[in-house]
Amino acid sequence: MIRSISIVLLVLSTTGVSLSWEGSLGRNHYSAEADSAEDRSRSIYTNYCASCHGSTMQTFVDRKWKYGNSASAIFESIHKGRGGSDAAMPAFGVMLKESQINELVDYILSGIEEGKVYDFEQAFSPTEVYNAEKFDYTLEVIASDLGIPWGMAFLPNGDILVTDRDGAIYRVMKDGKKVIIRGGPSVYAEGQGGLLDVELHPNFEKNGWVYLSYSSHKMEDGETVSSTSVRRYKLKRNRLTKEKLIIEAFPYGDTEIHYGSRLEFDKEGYLFLTVGDRGSRDTNPQDLTRFPGKVHRTHDDGSIPSDNPFVDTPGAVKSIYSFGHRNPQGFFIHPVTGTIWSHEHGPRGGDEINIVRKGENYGWPLVSYGINYNGTVFTTLTKKEGMRDPFHYWIPSIGPSGMTFVIGDRYPGWDGHLLVGSLRFEYLNLCKIEDEKVLSELVLLKNIGRVRNVKQGPDGYIYVAVEEPGILYRIVPIKK
Ligand code: HEC
């Protein structure tokens, strides 16, 4: 006999108002005895699981199963619930019969098989020859043992500066040797923090200026607090000298997450910096008196451009260029069009690509396509007046880091399309863009490792930085 029991899940929205999500499993769902097990399970899944796990089981395609993906482990998860008193994953044992749960387990297991876009079992081989539509390509290891290679900058002589999040700065030379550059900032290498991006001044050949973004820290009331800062240095041989503070984001916070931190110069010589929300989504991104959750724009010495959008707004941080961002770790200013592209990590689901425009609000946390990591919903809005829609979004989250447009003819068929690194699924994502839309996406270099950065060098080659073990690869096209 099937009992009809209703469950109520408490869902908190950001405004603090409690909404309730109610559902009841009634006879009518299952009355047709002729329904197949698959139909029955699909109905349960759609009604009771899809809101948190994705309509196509996106969250189960993740290889990092916390409680195991054997049939018995999945049964346990559904029957008893997971996540303890947080009630993250509700216990369905009170509502579903064991036979229903067993059917659901089969349904999920076969669903994972079918939806297996990300085959983590497949071994990665750096010597493999890959096929694109119009050319073949392979990988060349440019340097290894780079820790967590976060930023890279191409020096005029062909050397590459690479920052390791733990604090080291490497000069990678053409022959693959690397030396350490001394004299950089003292960084707070905890959590997601440390030494982050590196960018050369557009006039580097004349002035030798290198910009570094990093997690700065200090003590406040006996506690270590940290933030995102940028310093400028003059590179002399393998030493950084003449340090100057360019931006320091206030207030400091006690978390070790969401530093953002991509640095980029545009054609006119303005310096852009992204700063993440530092984990304080309700206080930072929408408040113009605070630095976090923003894209900032300054002159090369840190002074404020007089046409920044909030220079005349009382109390506002004058370097703010756009706001309502969560944690932007990909930033690219198109050298031809000047369009500013950024992407940001969403919460669970809802990573976004945005086109950044002066003074605009990108909505975090008031609008989002994602949900909280614990499965609760903080906003049901994906659009709101006055807030910019994302150009593109990913559910499930791919964990984007680094991005570049491919420009020129070195990779036929890729020209004009966007490459984004995936930390979570360990591949390079090629977004084919046409008519201002992502028309299709291709998974490249499956299982290469957590892709932290991707850039196109002045030599036209694409460089891909992967973490742990930190390796810098170059994509080498071979004619078909
Ligand atoms: C309110 C949101 C929510 C709903 C509804 C929900 N889940 Fe979950 N589920 C979660 C969360 C959050 C976790 C992770 C808990 C943790 O990490 O401790 C989870 C974990 C799981 C896991 C274990 C995954 C692992 O990594 O080992 C399984 C299996 C699962 N859910 C199945 C289901 C099924 C089947 C349904 C529908 C009958 C369902 N869930 C409904 C939020 C939900």
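Index from 1, following the sequence. Note that ligands are numbered from 1 as they come in the structure, with each ligand's atoms numbered from 1 the same way. Hydrogens, waters and symmetry mates play no part in the numbers below; they use all other heavy atoms, side chains included.
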Peer 1: Can you tell me how far OG of S226 sits from OH of Y214, rounded to the nearest 0.5 angstrom?
Peer 2: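 Rounded to the nearest 0.5 Å, the OH-OG separation comes to 11.5 Å.
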
Peer 1: So if I count the atoms of ligand 1 from 1 in the order they appear, which ones are less than 4.0 Å from some heavy atom of Y48?
Peer 2: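 Counting from 1, the qualifying ligand atoms are 5 (C), 37 (C), 41 (C).
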
Peer 1: With a cut-off of 4.0 Å, which atoms of ligand 1 are near a heavy atom of I108?
Peer 2: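 Within the 4.0 Å cut-off of I108, ligand 1 contributes 35 (C).
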
Peer 1: As a check for students: among Y67, Y45, Y107, identify the option with a heavy atom nearest to atom 16 (C) of ligand 1.
Peer 2: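 Answer by nearest heavy atom: Y67.
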
Peer 1: Once rounded to the nearest 0.5 Å, what's the spacing between atom CD1 of I462 and atom CZ of R474?
Peer 2: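 It is 12.0 Å, given to the nearest 0.5 Å.
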
Peer 1: Would you say D277 and H258 are linked by a side-chain donor-acceptor pair, where the criterion is simply a distance under 3.5 Å?
Peer 2: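 D277 and H258 do have a side-chain donor-acceptor pair below 3.5 Å.
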
Peer 1: Assess whether a salt bridge exists between E426 and K446, defined as any Lys/Arg side-chain N lying under 4.0 Å from an Asp/Glu carboxylate O.
Peer 2: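 No salt bridge links E426 with K446.
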
Peer 1: Counting only heavy atoms, which portion of I44 has something under 4.0 Å from ligand 1: side chain, backbone, both, or neither?
Peer 2: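 Neither; nothing of I44 gets under 4.0 Å from ligand 1.
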
Peer 1: Does the residue V105 have a heavy-atom contact with ligand 1, meaning some pair of atoms that are separated by less than 4.0 Å?
Peer 2: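 For ligand 1, residue contact (heavy atoms, under 4.0 Å) with V105 is absent.
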
Peer 1: If the cut-off is 4.0 Å to any non-hydrogen atom of G68, which atoms of ligand 1 fall inside it?
Peer 2: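 In order of numbering, the contacting atoms are 27 (O).
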
Peer 1: Judged by modelled atom types alone, do S77 and R82 share a side-chain donor-acceptor pair under 3.5 Å?
Peer 2: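 Yes, because at least one side-chain N or O of S77 sits under 3.5 Å from a partner of the opposite role on R82.
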
Peer 1: For ligand 1, does C49 get within less than 4.0 Å through its side chain, its backbone, both, or neither, judged by non-hydrogen atoms?
Peer 2: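 Under 4.0 Å from ligand 1, C49 contributes backbone and side-chain atoms.
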
Peer 1: Within the 4.0 Å heavy-atom shell around I74, which atoms of ligand 1 are there?
Peer 2: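 Numbered from 1, ligand 1 contributes 29 (C).
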
Peer 1: Exactly one of E344, E352, K294 should register a side chain to side chain donor-acceptor pair (under 3.5 Å) with H325. Which one does?
Peer 2: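 Single pass found, and it is E344.
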
Peer 1: Classify the angle between the aromatic ring planes of Y461 and Y463 as parallel (below 30°), tilted (30 to 60°) or perpendicular (above 60°).
Peer 2: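 If you compare the ring of Y461 with that of Y463, the planes turn out perpendicular.
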
Peer 1: Check each heavy atom of F92 against ligand 1 and say whether those closer than 4.0 Å belong to the side chain, the backbone, both or neither.
Peer 2: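 Answer for F92: side chain.
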
Peer 1: Under a 4.0 angstrom heavy-atom cut-off, which atoms of ligand 1 come close to L104?
Peer 2: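 Per the distance check, 35 (C), 38 (C).
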
Peer 1: Does this structure show an ion pair linking E467 with R450, if we count only N-O contacts that are shorter than 4.0 Å?
Peer 2: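 Salt bridge between E467 and R450, a charged N being under 4.0 Å from a carboxylate O: yes.
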
Peer 1: Distance alone, cut at 3.5 Å: any donor-acceptor contact between the side chains of Q329 and R452?
Peer 2: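 Yes, R452 and Q329 have a side-chain donor paired with an acceptor closer than 3.5 Å.
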
Peer 1: Check each heavy atom of A73 against ligand 1 and say whether those closer than 4.0 Å belong to the side chain, the backbone, both or neither.
Peer 2: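 The answer is neither; A73 stays 4.0 Å or more away.
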
Peer 1: Mind checking whether R82 has an N or O less than 3.5 Å away from an N or O of ligand 1?
Peer 2: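 N/O-N/O distance under 3.5 Å: no.
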
Peer 1: Taking heavy atoms and a distance under 4.0 Å, where does N69 meet ligand 1: side chain, backbone, both or neither?
Peer 2: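 No part of N69 comes within reach of ligand 1.
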
Peer 1: Could you tell me, atom by atom, which parts of ligand 1 come under 4.0 Å of a heavy atom of I78?
Peer 2: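 With I78 as reference, the close atoms of ligand 1 come out as 32 (C), 35 (C).
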
